[in-house]
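All of these numbers come straight from a predicted model, not from anything done at the bench. Chain letters run A, B, ... following the sequence lines, proteins first and then strands; every chain starts at 1.
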Amino acid sequence: GDSVTQTEGLVTLTEGLPVMLNCTYQTIYSNPFLFWYVQHLNESPRLLLKSFTDNKRTEHQGFHATLHKSSSSFHLQKSSAQLSDSALYYCALSEGAGGYKVVFGSGTRLLVSP
Amino acid sequence: GGIITQTPKFLIGQEGQKLTLKCQQNFNHDTMYWYRQDSGKGLRLIYYSITENDLQKGDLSEGYDASREKKSSFSLTVTSAQKNEMAVFLCASSILGGIQDTQYFGPGTRLLVL
């Protein structure tokens with residue numbers, strides 16, 4: 001079945017440094033929809049950004065990601081980390097046939113320190 | 001806008017007990033989901049429902065039952081609580097459940113089994 005693989009565990013960064021959280025996926029469908037959800041402490045996950053278009057950069061709230069079907073990747077990036085970016089980030093894949101089901105990766109916790 | 005409410009916020013049970021978690025949404029969304037969130041394992045789908053009285057099993061459905069009595073509510077039952085089990089159960093909804101649809105999450109129910 002479909003699967004999503006993310007940077008494992010915890011990523012720690014100093015404020016001001018660039019952020020890159022890796023996400024790769026496996027699916028038999030040629031037109032997947034990829035999502036990044038963010039979950040801050042004591043909150044529920046919420047959508048950060050999503051994309052369907054190959055090689056097109058998608059941006060939201062300072063973060064950006066580009067879907068590359070050739071490498072099955074959808075890495076999340078930000079040029080300069082802020083303390084408020086500390087959160088759990090999930091990459092997710094929407095199954096092509098019939099929709100409905102979304103497969104989530106195991107999550108990457110980002111901790112930004114001063 | 002809308003909101004998803006989950007009750008109870010915290011649930012402490014005994015081994016072998018049947019426990020019920022409830023979810024309500026006022027988005028008027030068609031599709032609703034139950035996920036289990038465990039540290040390092042991401043969000044795993046337990047059940048989903050694409051309309052009132054519909055139920056579809058996710059990858060983690062064993063040990064759980066679900067009920068969608070009306071469009072706005074979706075219940076999850078742990079059929080026999082396992083000793084020392086500790087997890088967060090998240091309810092979510094999306095407008096139709098289509099491939100591109102964003103999922104909106106509730107605040108979660110935290111389960112602890114003694």
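Leu88(A) touches chain B through its side chain: at least one heavy atom from C-beta onward sits under 4.5 Å away, while N, CA, C and O do not. The parts of Gln103(B) that come within reach of chain A are both its backbone and its side chain, each placing non-hydrogen atoms under 4.5 angstrom from that chain. The contact between Asp101(B) and chain A is made entirely by backbone atoms, counting heavy-atom distances below 4.5 Å. With a 4.5 Å cut-off on non-hydrogen atoms, Ser94(B) does not touch chain A at all. Proximity to chain B is absent for every atom of Glu43(A), based on heavy atoms less than 4.5 angstrom apart. When heavy atoms are compared at a cutoff of 4.5 Å, Leu43(B) approaches chain A by way of both its backbone and its side chain.
Using a 4.5 Å cut-off between side-chain heavy atoms of Ile, Leu, Val, Met, Phe, Trp and Tyr, with links allowed through other members, Leu76(A) and Leu110(A) fall into the same hydrophobic cluster.
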task: Test ring-ring contact (aromatic ring centres under 6.0 Å, His included) on Tyr90(A) and Phe35(A) and set out the steps.
output: CA-CA 8 Å; Tyr90(A) 288 107; Phe35(A) 303 79; over 10 Å; no

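Results of the side chain to side chain contact (heavy atoms under 4.5 Å, CB included) test with Leu19(B) over Thr77(B), Leu111(B), Ile12(B) single out Leu111(B) as the only residue that passes. Of the listed residues (Phe104(A), Phe63(A), Tyr37(A)), just one forms a ring pair (Phe, Tyr, Trp, His ring centres under 6.0 Å) with Tyr89(A), and that residue is Phe63(A).
Comment: Arg44(B) does not engage Asp59(B) in a salt bridge, judged by the lack of any side-chain N to carboxylate O separation of less than 4.0 angstrom.
Options Ala92(A), Ser106(A), Gly107(A) differ in how many heavy-atom pairs under 4.5 Å they form with chain B, and the most are formed by Ser106(A).
Checking side-chain atoms of Ser72(A) against main-chain N and O of Thr24(A) turns up no donor-acceptor pair under 3.5 Å.
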